[in-house]
Amino acid sequence: MVARLDDPPRRGKGVCAMRGSCGRTSMFGAELPCPDDGDAIKPDQKLLDLMTSVCGPSYTLPDAVCCEYDQVSTLSDRLQQAAPLISSCPACVNNFRSFYCDFTCSPDQSTFLAVTSTQKTTDGKDAVKEVNYEVSSEFKQGFYDSCKDVQFGATNGFAMDLIGGGAKNASSFLKYMGDLRPGLGSPFQINFPDNDDSAYSRNPLSCSDAGDINARCACADCPAVCPELPYIAPPSTGKCHVGAVSCLTFSLLIIYSVAILIGIAFYSWKQAVRHRQRRNERHALLHPPQSPTATGGHTNGLDGLMGRGGDDAESGPSGSIHFRLGRGASLLDPMEHLQPKQNQINAALRRFFYRLGLFCAKRPNHVFLLTAIVVTLLNIGWKFFTVETDPVRLWVAPHSETATQKHFFDEMFGPFYRPEQIFITQPGGSPVNHETLDWWLKVETEIGQLKTESGVTLQDICFAPAGPGTPCVVQSVSAWLGEEMEQWGEDWRERITNCAGRPGECLPPFGQPIDPKLILGGAKGDWLNAQALVVTLVVDNYNDDRVAPAEEWERGLKNYLAGLSRPGMDISFSTGISLEEELNKSTNTDVKIVVLSYLVMFLYVSLTLGGGLPPHVIQAFATRLWRGIIRLGVLLRIVKSPPAEYATPPPGFSIIPTLLSVNSKFSLGLFGIAIVLVAVSSSVGLFSLLGVRVTLIIAEVIPFLVLAVGVDNVFILVHELERQNSLHPSHGVDDDAASVDSDGPQPSGGGNSLPPEERVARAVARMGPSILLSSVTEVVAFALGALVPMPAVRNFAIYAAGSVLLGAVMQVTVFVSAMTLDLKRAESMRIDCFPCVQLRPPIGLYDDTAPAAEGVVNRFMRTIYAPLLLKNEVKQLVLVAFGGLFLFATIGIQHITLGLDQRLALPAESYLVQYFNALDAYLDVGPPVYFVAQGADVPTRHGQQQLCGRFTTCMDLSAANTLEAERKRPESSFVASPPAAWIDDFLQWTNPTFESCCRVRRRDPTVFCTPRDSERLCRSCFEGEQWDSTMSGLPEGADFMRYLQQWLISPTNEECPLGGQAAYSSAVKLASDNSTVIASHFRTYHTPLKTQADFINSLTAAQRISADITRRTGVKVFPYSIHYVFFDQYEHIVSTAFQVISLALLAILCITSLLLGSWRTGATVTFTCALAVTNVMGIMGYWGISLNAISLVNLVISLGIAVEFCSHIARAFMGAGSGLPVDKEVGKRERDERAWTALVDVGPSVFSGITMTKLIGISVLALTRSKLLEVYYFRMWLSLILSGALHGLVLLPVLLSYTGGQGYSLEDTDEDWVTSQMRRPMDYEYAPFADTDSMMSD
C-alpha cells in the first residue's frame, strides 16, 4: 500500500528529508530510510569515524547530519561493491563517495532532495519509495566525466559498463544508478530532475587536477593527462594520386604519350626524307650522265642492280641480288665472306650432345638398364616418405620471428585455446525469437552432455578459469537466459536488452561479463534484431598428447553439428580439428580434374608427335574426293563432262590405317609421360631421403608442371629428328650396315642416307644445347623459390627443381634411346604399340622424290606471320603495343593485394566456407592480441612503473599507458579495447579500502584468509598502512611476490571482482623459485578484421607498438595473436619477391649469355622474360590474384617458363649465321633475316609444342572445384602461358632484329652448313626482305 504525505514537508538549510531505517518491504529486501523533515543533528564520534572511512578524504565532515550509524554502515557495504571497479581513479571514486554521502547525510538535505512517494514496510511503517534528487548540471557532468574513461582490465572494458550500464552521457549515468534494481542499483527509486537553480552546490573533482592527490588519475583512466603520441598515418592514407589515378600511373601515361608523339614525328620526318631521296633518284634516272667517264671513274656492270657507290644506304643486303632471291642465294657469294664463324661453347656442347645421343641411340639396352638402376636407388627414399598436414608447419617459416614468439608464448602461457564456434542465422530474418532461442538452449544442453566412446565430455576438456571442475567458458546467449526459456515468459526480450546493455549484471556461471558483440552478431546495437547467434565453446589446448581427448570430443561435436538442422535456419560451425582436416581433404577433391588434364596433354602429345600421312597421299585423297563430287554432279546433271581418267591409279583408302598405325607416336608419347612420372617419383624419393616433407599439393601440381615442361623437350627432339629424316631420307634399314663408328657428326652430301643412330645423334646434337639452356634456367628459377621460407612453398620449389632436372636428364638419355627404337620400328613398317607386327610398305608412298612435309603452322609462319612481323612499320607498332601492355601491367601491379584467403585452400563444398563467410559477416569483434613483456624486474618499484598505468607515478608511456593511448586511434593501431593490465589490478587488489580482497589473519598476518573465513578473523593486508595512488606503500621485493602468488589463486566474485584467478592465472609466468616474474602479457582486442589487408596491417601495427614500448621503457615486448604466424610473411614478401625475381633474372642473364654466346642476345632474352613476368603481375592485379608465397613461387616459375618460350628462338637466331660486314644498316637487315629464319625454323615448334601443350593442359584446370588451384594455378599459369607465348613469338623476334648479337653456325662442317642452307624448304621461292623500294619504277 502506498501512502501520500498530506502536509508538505519542511524544506530549508539544516532540515532533513529522510533519516534512519523503517525496515524492509520483504524478507529479502534492503533496509529503507524513513521520511523525516526534522532538523539535522550533531553526530557522535563513532558516526564521524565511520563517515571518515566511508566518505573518503575529499569529503568535509559536516557539524550536523541527517543520517544514523546504521545508514552509513549500509552505505559502506554498497560502496564496497563499486569501489574496486573505480578505485584506480581518485576523482571518480571520491565523487562517487561524496555524491552518496551528501544524499544520505547532508544537513541541507531538504534543499535538493524531496520524498515524492512512500510505501509500507513489513513492520507497517512508512518508508521511502521514490525521491527526487536535484543535482546541479555542473556536478552531473563533472561526475560523469571523471568516471566515463575508468577501465576495468579484467573484462577489457570500462567501469562505466558496470556502474553506469554503459551510459554515454551524464543523465543516463545517474538514471542507471537511481533506478530501483538489486545489485549496484538503488533499493528505492531515485529520480534526477533537471534544475539549473539546484541548491546542490558541490564542485566535482577533475581527474586532470594535478595538484590534488585525491583527484589526480592516471593516463589509463583520464585521457586529459595522457601524453600525446607521435602521429601515425593509417595504412590507407599517404598514397599519391592525381585525380583518380596514382602518381606513378599518371607519370607513365605522360611518358608513354610523349614517346608515341616523338615516334610519330620521327617517322613522319623519315618518310619525308625518303620521299625526297626517291624524287632525286627519279630525277637522276630521267637525266643520266652524258658519259660513263663524267664522274671521273669506271662503273661496274652490276651497278644497275647493286646500286652505285659505297655510301648508298640501299646497297646493303636488302639491295643485293642474293637478298632478293632469298637466303639460299647467298651461296653465290664467296664462302669465306658468308659462312658464319663457330662458337666454342656451342661447338663443345654440340660435340658433347652428339656423343651422348650416339651412345644412347646405339646402346639403348645399356641406357635402359642404367636408368632402371638409378631410378630404383632414388625411389628407395620412399620408405622415409612423410606428408606434412599441420597448417602451421605448412605455411609458417619455422625460424621466423612470429614462429619463435608463438613458441615462447606457448611455453610460457600455454597454447591459445581451441575455439569451437557456431553461427545460427535465419535468412531474411533474425534468429532472436522465442522459438529459435528455445530450440537452441535445448541443443546447447545436448552439446554439454555429448560423450565420446572413451567417455570424454566437454567438462573434461574445457577451459575453466576457476579451476578443474568449475564452470566452463561458454560464450552464448544461454549465459543470459539459462537452460530454459520458460523462466522468462514474455520478459525474455527485456532480459536480452538489459543484459546486452549491462553485461556486468548478467554474469554467466564462469563469472566474467560477456560482451554482447561476442554472442549477438550483426546487431549494430539493435540486439533484438541481431542477424546471428554466435556460440563459442573454449577448450584447453596443448602441444602434446594431452590434446588427444579434445580432438576426440571435437570429432563427436563435428558429427553432431553436421547432422543438426532446423527448417529456415542456417548453421555454420568450426571445431579445433576442422581446418586441418578440410585442408587435407581439399587435395583429394580434384584428382579427376588433374588426371583429366594429364590425359588431355597425353592425347595431344600422342596425336601431334606422329608424322601422320605423307602430303602427296593427302593430296591424292583430296583429288579422289573432288573427282567423286564431280561424278555426283554428272549423275545429278549439274556437271556435263565427267573427270578425266587417272594416268596412274591413286592409292586406295585401305592404306590409311596402315600409314597411321606405323606413323603413330602413341607409345613414344606414353613413354615420354612415363619419364615425367618417374622423374617426379625419383625426386620424391631423393628428397624424402634427405628429410624434406611432402605436401599434398605437390602430388597434384608438380607432375603437371613437369609434364608441361618436359613435353616441350619431347616435341623439340621429335621435330628435329623429323627434320633430320627429311635431310637424310631413309632407303631402308639394315642393322648390319647402319653402324656408325665415328665420334662426331659425319659430313654428308645432299640427301645422303644415314642410319637411324646417326640421325638421332645429330638431332640431339642440334637441340641438346637448347634443352640444356631452358632446363638449366628452369631448374635455377625453381630452386630460387626455395629462398621463400614458407615450408609448403619451399618444399614445392625443391621438389619441382629436382623433378625438372631429373626429367631433363632422362629426356636426353633414355628418351633418346626410345626415340631410336621408335624410328627403327617406323622405318621397318612395324605397327605402333604392336612392334611384332610388320606391314608391307605401300608401293610408291615413300619415293625419294616425295616433297618434305610442311604443316599449316609452318607455312603460315613462313609465308605470312614472319614477313609481316618483321616489316619496319609492324615492328614499330609492336614496340608501341608492348609499351602499352607494360603501362597496363604497371597499373595492374598497383592493385595487387597481399594475403591468402584460407577459404581458397578449402574445397568449394566444405562446410568451413560457410563458416568463414558467417565469421566475416556477423562477428563484430576482432581477435585477442597479447603484448608479452619479458625482462622487467617487476618486484622493484621501477619495474612496476615500467608496466603499470593506473597510478600517478607510472611512466608516462609505460606498457599499459602506451596501449591505452594506441586504443584511442584504432584506425592506426587496430587496437579496440582497453588492455587487461595485470599489474594494475593486482596492486589495486592490495588496496586496504577493499576489505573483501586481500585479507590476512589478524593473529598471524603471514597467513592469508580464504573467502570462507569470517570477517572477524581477518583484516585487510595493508590495514593501517600507507597506500595511495602514488604507489607509496605498495608491496615490493619478496612481499610483492608473496602477495602476487596469493592474488593469482584468489577467485573473482561479487565481493572482490579484482581477484586474479579467473582473469590472470595464465597471464603471469613466475620463476621456478617464485623469486620474480619471467614473463607476463597484457591482453586486448583488435578491431574487427575483415580483409587480408586488415590482418596484415594489424600485425604491422602491433609490431610497431611493441617496438615503441621496448624503446621507451627498456622492457622487451612482442605481440602475439593467433593469426600472426600466418601473416608474418607479408611483412617482407614484397622485398623477398624483388630479391628472388632479381636473382632469377640475373641467373637468366648469365646462363643465356654464356650458352648463347652473346651478352646482347642474353640481355634481350632476359629483358623479354622480365616484361613477360611484369605482364603476369599486372594480370594478377586485374584478376584478383593476391601476392603470397604461392604466387611468388609461380612468378619465379613463370620466369623459368618464359625462358623456354624465348630460348629456342634466341638460339635459332644466333645459329642462323652471320658473315656480313659490321655496318649499321647492313647489320639491321642481317638481323631481320636471322629473326625470320629463327621464326621459320623453331616458331612452329614453340607454338605447337610449347604454347599449345601448356595451354591445352592448363585449360582443363578451369573445371577444378578447388579455388586454390583455380586462382593460383589455372589463372596464373594461363596468364604466364599467354604472356610467355606473346613475348616469345612476337616481341622477342622484333627486339632481336634491333639488339641481337652476332650469330654463328649450328653446323660443324662446311658441307653440313651448305647442305642445311640448300635444303631450307621453299627458300628460293620466298624472299621476306626483298627491297621493294629499290625495285620500284616510275
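Side-chain atoms are counted along with the backbone in the values below, which use heavy atoms only and exclude waters and symmetry mates.
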Taking C-beta and beyond as the side chain, do [X] and [Y] meet within less than 4.5 Å on heavy atoms?
X: V925; Y: L923; result: yes
X: C948; Y: M1031; result: yes
X: E444; Y: E483; result: no
X: R967; Y: L963; result: no
X: C997; Y: W1047; result: no
X: P979; Y: E964; result: yes
X: I519; Y: I514; result: yes
X: E134; Y: Y200; result: no

Return yes if a side-chain donor-acceptor contact under 3.5 Å exists between [X] and [Y], otherwise no.
X: R950; Y: S88; answer: yes
X: N433; Y: Q426; answer: yes
X: W527; Y: T497; answer: no
X: Q189; Y: N191; answer: yes

Would you verify whether the NZ or CZ of K148 falls within 45 degrees of the ring axis of F173 while also being under 6.0 Å from that six-membered ring's centre?
no
Could you go through R999 and E995, starting from their C-alpha distance and side-chain angles, then the distance that decides it, and tell me whether this counts as salt bridge (charged side-chain N to carboxylate O under 4.0 Å, His left out)?
CA-CA 7 Å; R999 301 192 304 162; E995 299 175 355; over 6 Å; no
SG(C147) to SG(C92) below 2.5 Å:
yes
Can you tell me if the gamma sulfurs of C89 and C217 sit closer than 2.5 Å?
yes
When the aromatic ring centroids of Y100 and F96 are compared, is their separation below 6.0 Å?
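Yes - the distance between ring centres of Y100 and F96 falls below the 6.0 Å cut-off.
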Measure from the ring center of F99 to the ring center of Y133 and say whether it is less than 6.0 Å.
yes
Can you check whether V15's main-chain N or O pairs, donor with acceptor, with S110's side chain at less than 3.5 Å?
yes
Is it true that a side-chain atom of D37 and a backbone atom of C16 form a donor plus acceptor pair closer than 3.5 Å?
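Pair absent, no side-chain N/O of D37 close to backbone of C16.
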Looking at N529, I424, I496, which one forms a side chain to side chain contact (heavy atoms under 4.5 Å, CB included) with V432?
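That would be I496; it is the only one of N529, I424, I496 passing the side chain to side chain contact (heavy atoms under 4.5 Å, CB included) with V432.
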Looking at V93, I213, N991, L1034, which one forms a side chain to side chain contact (heavy atoms under 4.5 Å, CB included) with S1029?
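Running side chain to side chain contact (heavy atoms under 4.5 Å, CB included) over V93, I213, N991, L1034 with S1029 returns exactly one hit, I213.
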How about K517: does its NZ atom have over 12 heavy atoms from other parts shown lying under 6.0 Å from it?
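Check fails, neighbour count at 12 or below.
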